[in-house]
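Counting starts at 1 for both ligands and their atoms, following the listed order.
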Amino acid sequence: MSDTSQICPICGGKKTKGKTTLSADLGSGVVVVREVEATICSQCGEEWIDDATARKLEDIVNDARVRQLQVEVAAMK
Ligand SMILES: [Zn+2]
């Protein structure tokens, strides 16, 4: 039984757990979120985040939009 969830669908490389930095453009500003837990392909660098992490990111982005900041840098804990 092979575990395909650990294989990158793009290049066939091996996925590993790691941290990444993501950014979102709000139009009026930019949010940068550091320390985001992600699964990253060790070969091509493609990144995946899980649903719980995606929801947290959404909260951070919405908060920045409400406050109308031009640049927000946050770190996910
Ligand atoms: Zn890959």
Side-chain angles (χ1 to χ4, degrees):
M1 191 176 133
S2 63
D3 187 358
T4 52
S5 68
Q6 295 306 310
I7 301 296
C8 174
I10 296 162
C11 74
K14 196 175 184 305
K15 291 190 204 168
T16 55
K17 293 265 177 202
K19 298 236 171 131
T20 187
T21 299
L22 296 176
S23 61
D25 192 338
L26 308 178
S28 58
V30 175
V31 187
V32 178
V33 186
R34 300 176 58 242
E35 305 282 309
V36 180
E37 279 186 31
T39 303
I40 303 164
C41 175
S42 58
Q43 197 160 293
C44 72
E46 183 69 17
E47 298 161 347
W48 295 264
I49 57 173
D50 64 26
D51 289 349
T53 303
R55 275 195 293 273
K56 267 193 251 172
L57 273 173
E58 220 168 271
D59 287 346
I60 292 170
V61 169
N62 286 337
D63 185 58
R65 182 181 284 129
V66 166
R67 287 189 285 147
Q68 297 193 314
L69 298 173
Q70 288 206 322
V71 179
E72 165 85 330
V73 180
M76 196 172 274
K77 299 270 163 61

Is there a continuous path of hydrophobic side-chain contacts, each under 4.5 Å between heavy atoms, that joins [X] to [Y]?
X     : Y     : result
Val32 : Ile49 : no
Val33 : Leu69 : no
Leu22 : Ile60 : yes

Does the pair Arg67/Asp63 count as a salt bridge with the N-to-O cut at 4.0 Å?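 The answer is yes: the pair qualifies as a salt bridge.
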Return the set of protein N, O or S atoms whose distance to the Zn ion (ligand 1) is under 2.8 Å, each given as residue and atom.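 Metal shell, protein only: Cys8 SG, Cys11 SG, Cys41 SG, Cys44 SG.
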Linking Ile, Leu, Val, Met, Phe, Trp and Tyr through side-chain heavy atoms less than 4.5 Å apart, which residues share a cluster with Ile40?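 Under the 4.5 Å side-chain rule, Ile40 groups with nothing.
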Could you walk me through whether Glu37 and Lys19 satisfy the side-chain contact (heavy atoms from CB on, under 4.5 Å) test, starting with their C-alpha distance in whole Å, then the side-chain angles of each, then the deciding distance to 0.1 Å, before giving a yes or no? CA-CA 5 Å; Glu37 279 186 31; Lys19 298 236 171 131; 3.8 Å; yes
